[in-house]
Student: 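This is the structure I have questions about; it appears just below.
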Number of protein chains: 2
Amino acid sequence: MVEYALHLDFLFSSLSDPTRRDILARVSRRELSVSDLVQHYNMSFAAISKHLMVMERAKLIVKRKEGRKQMVSLAPDALKGADEYLEQYRLMWQGRYDKLDALIQ
Amino acid sequence: MVEYALHLDFLFSSLSDPTRRDILARVSRRELSVSDLVQHYNMSFAAISKHLMVMERAKLIVKRKEGRKQMVSLAPDALKGADEYLEQYRLMWQGRYDKLDALIQ
DNA sequence: GTAATATTAAACCAAATGGTTGAATATGCA
DNA sequence: TGCATATTCAACCATTTGGTTTAATATTAC
């Protein structure tokens, strides 16, 4: 009945929070420690740590231990799953634009 | 601090549920009434009705009244917001593949 | 060894989510 | 008119989510 794609569940729900999207943008520019990230937000260390756990489960980020720091960076192919999901619909809406273009010309 | 993009919140959180993704797939093929949709799922009419309200808020679907039926179809540009969000990252990961290609050749 | 730093774990809380059932509201049909 | 159909609304419930604070665990520095 309903297709079972747990990864898409995690991925999209992870992307649905503005703090997490902001974190994603930051770590996509450069690798950052959890402390580095915390400085930019008006919430506790633990809250950011939790957001990072959610993002890790969604395979949006990866962590690498460096001494006592956890360095966070964009996961390889972080958004590939989402992009592949959209692909099927992209054809559809590009099709519509093609039709529109055809009408105009 | 955190960019405010409520539509992306609604859009991604709407996409994070497998039932809603399934509904999206169905109505993208053809316009369907709420009753038509309910038949395919093992949950109450009200539950599906709620899912549709969530999807409407996310502008994934539109409803059109036809007598006592509500006909549901894919919204124009339903996934455009998501696609535009991914766009910035797409350049990034395509960049990586280009680098990889360069290494291989 | 002790203190400071970096992070996670645990317990808690309020609000949101995904479901239920039953009542209310429109619309169509005989 | 009265009944059946289609949908939403309202109240409820259990679970998840996004936050808090405090305690625990590593690691580094003195």
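Quick note: numbers below take in every heavy atom, side chains included, and nothing from hydrogens, waters or symmetry partners. Order of the sequence lines fixes the chain letters, A, B, ..., with proteins taken first and strands second; residue numbering starts at 1 for each chain.
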Student: For B:S33 and for A:G67, find the nucleotide of DNA chain D with the closest heavy atom, then tell me which residue's nucleotide is more 5'.
Tutor: B:S33

Student: Could you tell me whether the side chain of B:R21 and the main chain of B:L15 form a donor-acceptor pair under 3.5 Å?
Tutor: yes

Student: Listing request: all ring-ring contact (aromatic ring centres under 6.0 Å, His included) pairs with a residue in residues 45-67 of chain B, at least two apart in sequence or in separate chains.
Tutor: none

Student: Please list all pairs meeting ring-ring contact (aromatic ring centres under 6.0 Å, His included) that have one or both residues in residues 58-85 of chain A, counting only residues at least two apart or in different chains.
Tutor: A:F12-A:Y85, A:Y85-A:Y89

Student: Within residues 52-66 of chain A, find the residues that approach DNA chain D with a heavy atom at under 4.0 Å, and present them sorted by residue number.
Tutor: A:K65

Student: Can you name the side-chain hydrogen bond (donor to acceptor under 3.5 Å, both in side chains) partners of A:S13, sequence neighbours left out?
Tutor: none

Student: Map A:A46 and B:S49 onto DNA chain D by nearest heavy atom, then report which one ends up closer to the 5' terminus.
Tutor: B:S49

Student: According to side-chain hydrogen bond (donor to acceptor under 3.5 Å, both in side chains), who are the partners of B:S16, at least two apart in sequence or on a separate chain?
Tutor: none

Student: Using whole Å, report how far CG of A:L32 lies from C1' of C:dT7.
Tutor: 16 Å

Student: Of B:R68 and B:D17, whose nearest nucleotide on DNA chain C comes first from the 5' end?
Tutor: B:D17

Student: Roughly how many Å is it from CG in B:L15 to P in C:dT17, rounded to a whole number?
Tutor: 14 Å

Student: Quick one: list whatever passes side chain to side chain contact (heavy atoms under 4.5 Å, CB included) with A:A47, sequence neighbours left out.
Tutor: A:M43, A:S44

Student: Whole angstrom is fine here: how far is it from CD1 in B:I48 over to C1' in C:dT20?
Tutor: 13 Å

Student: What residues, two or more places apart in sequence or in another chain, satisfy side chain to side chain contact (heavy atoms under 4.5 Å, CB included) together with A:R64?
Tutor: A:E31, A:E66, A:M71

Student: Which residues satisfy the side chain to side chain contact (heavy atoms under 4.5 Å, CB included) test with B:R30, sequence neighbours excluded?
Tutor: B:L32

Student: Which value, rounded to the nearest 0.5 Å, describes the distance between A:T19 atom OG1 and A:N42 atom CG?
Tutor: 10.0 Å

Student: Does A:D83 have any salt bridge (Lys or Arg N to Asp or Glu O under 4.0 Å) partners at least two apart in sequence or in another chain, and if so, which?
Tutor: A:R90, B:R90

Student: Where do N or O atoms of nucleotides 12-16 of chain C meet protein N or O atoms at under 3.5 Å, pair by pair?
Tutor:
none

Student: Are OP1 or OP2 of C:dG19 and a side-chain N or O of B:S44 less than 4.0 angstrom apart?
Tutor: no

Student: Whole Å only: how far is the CE atom of B:M43 from the C1' atom of C:dT21?
Tutor: 16 Å

Student: What range of DNA chain D does chain A touch, first nucleotide to last, counting atoms under 4.0 Å from its heavy atoms?
Tutor: D:dG18 to D:dT28

Student: Going by the salt bridge (Lys or Arg N to Asp or Glu O under 4.0 Å) test, which pairs reach into residues 41-63 of chain A, not counting sequence neighbours?
Tutor: A:E56-A:K63

